[in-house]
Amino acid sequence: MSTQREKLIEAAVELLERDGVQSLSARNLATKRDAVLVPHLRGLALLAERRPTEAAFEFETALGRAADFTPAAFSLAVARRRSGDAKKG
């Protein structure tokens, strides 16, 4: 049995595969409870597209909404390293 969060992730992946990064807008996916997940997923998509600077912004947004969201913190470190900005923050 899938949790609501797993269903949201599955829906986001399907949208991403079908419509690209722009499909992961807050309007299409966000609920107040999962608002942190939307920028994190966008950031992951941007990393996959080799756009680490833009991805870092999305991870920072996620962390601004939930500072203890460890996946976003890790992803931010990856994005900064890939953009050559590993010492920031």
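Quick caveat, the model's predicted, so the values are computed rather than measured. Nothing fancy with the numbering, it's 1 onward along the sequence.
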Just verifying a value: how many Å separate Glu58 CD and Thr53 OG1, rounded to the nearest 0.5 Å?
12.5 Å
To the nearest 0.5 Å, tell me how far Arg51 CZ sits from Phe57 CZ.
13.0 Å
Pairwise distance CZ(Arg50) to CZ(Arg82) - rounded to 0.5 angstrom:
8.0 Å
What residues form a side chain to side chain contact (heavy atoms under 4.5 Å, CB included) with Ala73, not counting sequence neighbours?
Leu63
List in chain and number order the residues that pass side chain to side chain contact (heavy atoms under 4.5 Å, CB included) with Ala55, two or more places apart in sequence or in another chain; answer none if no residue qualifies.
Leu46, Leu47, Phe59, Ala79
Between Arg80 and Glu60, is there a side-chain N and carboxylate O pair less than 4.0 Å apart?
yes
Hits for side-chain hydrogen bond (donor to acceptor under 3.5 Å, both in side chains) against Ser75, two or more places apart or cross-chain, chain-then-number order -> His40
